[in-house]
Amino acid sequence: MEKKWWKESVVYQIYPRSFKDSNGDGIGDINGIIEKLDYLKELGIDVIWMSPMYESPNDDNGYDISDYQKIMDEFGTMEDYERMVAEIHKRGMKIVMDLVVNHTSDEHNWFVESRKSKDNPYRDYYIWRPGKDGKEPSNWQSYFSGSTWEYDKTTDEYYLHLFSKKQPDLNWENPKVRQEVYDMMTWWLEKDIDGFRMDMINVISKNKDFPDITRKNREGNYQWASKHFVNGPKIHEYLQEMKEKVLSNYDIMTVGEMQEIIPEEAVKYVNSEDGTLNMVFHFQHMRIDARNGNKWDLKPFDLIELKEVMTTWQKELEGKGWNSLYLSNHDQARPVSRFGNDKEYRIESAKMLGTWLHMMQGTPYVYQGEELGMTNVKFPSIEDYHCRETLGMYEDATKNLGKDPEEIMPSIYAKSRDNARTPMQWDDSENAGFTEGTPWIMVNPNYKEINAKQAVNDPNSIFNYYRKLIRLRKDNPIIVYGTYDLILKDDEKIYAYTRTLGNEKLLVVANFTSEKPIFKLPEGFPYKSYQLFIANYDVDEGESIESFVLKPYEVRVYKLDI
Ligand code: GLC
Ligand code: CA
C-alpha cells in the first residue's frame, strides 16, 4: 500500500468561534488559536483543520461566505492569519482549510450582483428559476427546513438554496464559477496551506430539471429531493477538472464531506488510481441513532448496526482508497454523551471510544474538546440556541406541525449542533477560561471539572490517554497500514476486531456497555505470544487472552505475534 503523510497523520478540528477568545469580545479568534498551538503540539496533532475563517455575516457561523479571500473581522486580519500559519508550520504541523463552494452568502458580491437583473454578468453564478403556477419551481425542502427556493422580487424569480436562504447555491454548470473557485483555491494554496476539507462537496451538481418529489416523509414534508443532487450528474467531471487544474499541482490532503454517501460510491471519489480526493466524510455511523434518517427522531443505537457500517467501510475501501475516522465535529453531538456514558463512566467511555476509533484503518479526526471528554449541554431555553438547523427545525415543528416545545427539546438536547459548539473548556475560571467577556454561546456548566488545565496535569485524563494513542500510531505502522477484520460479529455488547500487518496482529476488544460481558477469543485464533498494547483500566498483564471479563466500557488492545 502506498505510504502517504496524510495516512499517518492525526487531524484536529478547530471551530474558531468557540476555541479561544483573545480580546474579550466573547468570540474565539486567530490570536486565541495561536496561544493554544503548543497545547495541540503536546497532544501530538499533525494537521489542523480550520472551520471557515473567511468573511461572513455568520448566518451559519462562517459556512456562509461573503468573501473567500478575506478573513472574518471577528477572527482577526490577514496578517494574523499568516502569522498563525507560520506558527503552525514552525511546530511541524500542517493546516487544512474549509472549502465551502456549494453556496456562498447572499451578501457575497457575486450574489449582490446576480440578483440585480436577469442580464447581470453574475446572473448565472447562481441558480435562478421562474415560479411554477405562482409557486416555487419545485417542492424541495432545504436541509434547514422550509423550501429550497426563495422568491426575489427584483426579477420575479426564485433562487435555489439547499441550506438557509442566506446561502444561495452556486451554479457549477457555469464554467466561470468553476474557474473562480479554482483560482481562489490556488490563491490559498500559494499561501502555503496544506489541503482542503470540502463542505458538502457531493451536492454541487444538480439535476437541472428540478423535478418535483412525490414521496413525503413521515413529517409530511417533501424532503427527499436528494437523489436529484447527491452525487449529481456532473460531479465527477467537476472534481476531475478541479484535480487537473488545482489539486494535482500540490502535495496536499483533501477530504470531502459527502451527504448520503455509501462505500461503493465513495470509491469513485477516493480510489488511488483515478479518484479525485483522498478521503470522504460519510454519515452512515451518524445515522444509527435516528429513525428513518431523521436525526431528530431519536432511537437507541444498535451495536450490530455500527459494526456493519464501520466494517463495510473498512473492507470496501481496503487496498483501494482511504478512510476518514471520526465520531465528532461541529455538526454532531458529543460522542461521549451519544455513544458512551457521560455520567458515571465518562472518562472510561471516552477513552474506549477514542481507542476503538483510532485503531481502525484510516486517518483519525479529533474535534476540539473531544480529547477532554466534553459532553452535551442542555440550555435553559430555545432562546439560548444559535444553530440555524436547530432553530429551523424548532420553528417548523412548533408552527407547522403543531408540536409542543417540551416534545421537541429532548431531541435538541441529544442532537443539536450547539452541543459541539459550546466554548472550549480551558480551565475552571469564569467562562471556562474561554473569554474574559461574555461568550457568544453559553458555556457548559461542567467546566469546573472538565477542562484542559485539569486534564493536562492529570496522568489518567482522557487528554493524556489520547496523547498515548497518538504516540503509538507514530511508532507502530500496523495502526496505520494493518488490515482490518471484524471478529465476534454477533456480539451485542462487545465490538472486537483485529489489524494485521506481516506477522503482527492487534486485537482490539471494546465493551460498549456499562455491563460486564465476557470476551471469548474465537476458536483456533492464531497467535504465538501477546502483550498488552493499550487499555483504559489496569489489566493484569499475565491474564490469558482466551477469555476475560470486561469492566464497564473497558477497552483493551493486545499486540500478538502470529
Ligand atoms: C456542512 C457544514 C455545516 C454547514 C453546512 C452548510 O455540513 O459542516 O456546518 O451548516 O455544510 O454549509
Ligand atoms: Ca475575540
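One-based numbering along the sequence shown. Since the model is a prediction, treat every value here as computed from it, not as a measurement. Numbering of ligands and ligand atoms starts at 1, following listing order. Because only heavy atoms are used, hydrogens play no part in the values below, and waters and symmetry mates are left out as well, while side chains stay in.
Heavy atoms of other residues, nucleotides or ligands lying less than 6.0 angstrom from CD of E430 number 12 at most. Heavy atoms of other residues, nucleotides or ligands lying less than 6.0 angstrom from NZ of K165 number 12 at most.
Rounded to 10 degrees, the OD2-metal-OD1 angle spanning D29 and D21 at the Ca ion (ligand 2) equals 80°. Vertex the Ca ion (ligand 2), arms ending at OD1 of D25 and OD1 of N23: the angle is 80° after rounding to 10 degrees.
For Q332 and Y367, the side-chain atoms include no donor-acceptor pair closer than 3.5 Å. Side-chain atoms of E257 and N329 include no donor-acceptor pair closer than 3.5 Å. A donor atom on one side chain and an acceptor atom on the other are not found under 3.5 Å apart for N419 and S416. Residues W128 and S114 bring a donor and an acceptor atom of their side chains to less than 3.5 Å of each other.
Counting backbone and side-chain atoms alike, I27 contributes an N/O/S atom closer than 3.0 Å to the Ca ion (ligand 2).
Applying the side chain to side chain donor-acceptor pair (under 3.5 Å) definition to pairs two or more places apart or across chains, those involving residues 377-388 are D59-R388.
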Extract all N/O-N/O pairs under 3.5 Å that connect ligand 1 to the protein, and present each with both atom names and the distance rounded to 0.1 Å.
unit_1, atom_1, unit_2, atom_2, d
ligand 1, 7 (O), E257, OE1, 3.2
ligand 1, 7 (O), E257, OE2, 2.8
ligand 1, 7 (O), D331, OD2, 3.4
ligand 1, 8 (O), R197, NH2, 3.0
ligand 1, 8 (O), H330, NE2, 2.8
ligand 1, 8 (O), D331, OD2, 2.5
ligand 1, 9 (O), H330, NE2, 2.9
ligand 1, 9 (O), D331, OD1, 2.7
ligand 1, 9 (O), D331, OD2, 3.4
ligand 1, 9 (O), R417, NH1, 3.3
ligand 1, 10 (O), D60, OD1, 3.4
ligand 1, 10 (O), D60, OD2, 2.5
ligand 1, 10 (O), R417, NH1, 2.9
ligand 1, 11 (O), D199, OD1, 2.9
ligand 1, 11 (O), D199, OD2, 3.0
ligand 1, 12 (O), H103, NE2, 2.9
ligand 1, 12 (O), D199, OD2, 2.8

